[in-house]
Number of protein chains: 2
Amino acid sequence: MNKESARDRILRVASELFYMEGIRAVGIDRIIKQSGVAKASFYRSFATKDDLTVAYLESRDELKVEKLEKLRRLYPGSPKEQLSALIRDVTEQMGTPNYRGCPFLNAAVEFPDPDHPAHVKLLDIQRSFWSRVLELAREGGARQPEELTAQLRMLYDGFVMKRYLDKSDLDPEYFRKAAELLLEKQLVPDNHQG
Amino acid sequence: MNKESARDRILRVASELFYMEGIRAVGIDRIIKQSGVAKASFYRSFATKDDLTVAYLESRDELKVEKLEKLRRLYPGSPKEQLSALIRDVTEQMGTPNYRGCPFLNAAVEFPDPDHPAHVKLLDIQRSFWSRVLELAREGGARQPEELTAQLRMLYDGFVMKRYLDKSDLDPEYFRKAAELLLEKQLVPDNHQG
DNA sequence: AATGATACAGACAGATCTGTCTCATGTCAA
DNA sequence: TTGACATGAGACAGATCTGTCTGTATCATT
């Protein structure tokens, strides 16, 4: 029965607030009050708000990476299945109530300065995630893995944004069909290639 | 030789700063200093910063609508050509140096509260733009115009975001090919339908 | 009981933000 | 020349932000 550490409690509260209302919009004081921690304790765990922001992005990334690894283990040795499962998974996940878009894309908008630590971190996270997908595309025998990955990424990020500001029940189905069309074009053994 | 009005000068300066650095990140004082206008004059033109923000979004929207109308006039009576031209156009536009993403998507992230005037405005702008595209898809005889429009929107918004944070020379080509694949599937007279 | 570590509570500094208000200056018409 | 008015310059109020610092309470160990 480990008591949750102050750092974890702060991070949990901050994650919720940052995601729901935006990072810039949420002040330190609110996080402190809501996590029931003293200001001094807060600054012992995180030297600056930027540090907390980076930790927030990292924790979000960990969840995403774990999910991907789980899917990979679920369909061992079958990259095509892994890709399809990934598409199904994000499609479902997008139905979550209180869905507020991609934490990394949002952070990129909030911190456009490419030298800002949060911006650096999120670029790194995005690069790393999509290079894993690229790996999948390669392993699956895509004709042009870079092209397929880039297109899936566009479609996915756009799905995320559309879903964020204009929820429609049909979106997930539209997304899935478009993604599978892209996959099909690149992964079929050897069909009518345009 | 009409002298530019104070309002126009403010709006021009604010547009540049808002787009390049984000709306929340740019203070009134900077806009005032850079547009060489007195604070009182500023507040005569725009009662609040929110008003200026909404005006900024409106002016961006006008440019976009004009562009679309121009394309429609360029290929009269041919919605398919208009759609293709739209895709080509955004593809080219995305190569602009200092490209910083879609002003409306960015604003949506900066003002997630759906009641915020800027959020209301940008939702309206987005809805209006994509209903025009839907019209095009209908006129062009798409099999499922809603589906095609939603998919094009996802692809486009994702292109915008990817382009924003990870510029790659190949993106425009990948986008164009994916968009045309979607178009093809929906607009060919009567081919192999999946 | 004494001590040291840790945490809460919150005052405080210093910066920055929006929006109001004052005042000096310039312009134009009568 | 004079009066009405618009404008630039900027002080100011009040709020809010991050981050520092002080003081007090709690708890484990000696």
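Keep in mind that what you see is a predicted model, and the values were worked out from it rather than measured. Quick note on labels: first sequence line is chain A, next is B, and so on, each numbered from 1.
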For this session: Measure the distance from CG on A:Asp29 to C1' on C:dA9 and round it to the nearest whole Å.
Result: 12 Å

Problem set entry | Whole-Å gap separating P (C:dG19) and CD1 (B:Ile32) | 10 Å

Problem set entry | Value in whole Å for how far the C1' atom of C:dA9 lies from CD1 of A:Ile28 | 17 Å

Seminar exercise, completed: Read 5' to 3' with Watson-Crick or G-U pairs under 3.5 Å, [ ] for crossing pairs and | for partners on another strand, DNA chain C gives ||||||||||||||||||||||||||||||

Exercise. Hey, is the main chain of A:Gly101 close enough, under 3.5 Å, to the side chain of A:Tyr19 for a donor-acceptor pair?
Worked result: yes

For this session: Inspect the surroundings of NZ in B:Lys70 and state if more than 12 heavy atoms from other residues, nucleotides or ligands are less than 6.0 Å away.
Result: no

Problem set entry | Shortest non-hydrogen contact from A:Thr149 toward A:Ala137 | OG1-CB, 3.8 Å

Problem set entry | Atom pair distance, as rounded to whole Å: OH in A:Tyr43 and P in C:dC8 | 15 Å

Exercise. Under 6.0 Å from the NZ atom of A:Lys167, do we count more than 12 heavy atoms belonging to anything else shown?
Worked result: yes

Extract from the structure each pairing of a protein N or O with an N or O of nucleotides 7-13 of chain D at less than 3.5 Å, listing the distance.
residue : atom : partner : partner atom : Å
D:dG8   : OP2  : B:Ala38 : N            : 3.1
D:dG8   : OP2  : B:Ser41 : OG           : 2.7

For this session: Flag the pair A:Leu165 / B:Leu105 as yes when at least one side-chain heavy-atom distance between them is below 4.5 Å, and no otherwise.
Result: yes

Scan the side chains in residues 115-127 of chain A for donor-acceptor partners under 3.5 Å anywhere in the protein, sequence neighbours excluded, and list what turns up.
residue  : atom : partner  : partner atom : Å
A:His116 : ND1  : A:Ala118 : N            : 2.9
A:His116 : NE2  : A:Asp50  : OD1          : 3.3
A:His119 : ND1  : A:Phe111 : O            : 2.5
A:Lys121 : NZ   : A:Glu58  : OE2          : 2.9
A:Asp124 : OD1  : A:Arg127 : NH2          : 2.6

For this session: Round to a whole Å and report the spacing from CD1 of A:Ile31 to P of D:dT18.
Result: 8 Å

For this session: Starting from P on D:dA15, measure out to CZ on A:Arg30 and report it in whole angstrom.
Result: 18 Å

For this session: Run the salt-bridge test on B:Arg176 and B:Glu180 with the 4.0 Å N-O cut-off and return the result as yes or no.
Result: yes

For this session: Mind calculating the distance between CD1 (A:Ile10) and P (D:dG19) to the nearest angstrom?
Result: 13 Å

For this session: Identify whether B:Leu71 and B:Leu136 are in the same connected component of the hydrophobic contact network (ILVMFWY, side-chain heavy atoms under 4.5 Å).
Result: yes

Exercise. Are A:Asp89 and A:Lys67 close enough that some pair of their side-chain heavy atoms sits under 4.5 Å apart?
Worked result: yes

For this session: Specify the separation, in whole Å, of atom CZ of B:Arg24 and atom C1' of D:dT16.
Result: 11 Å

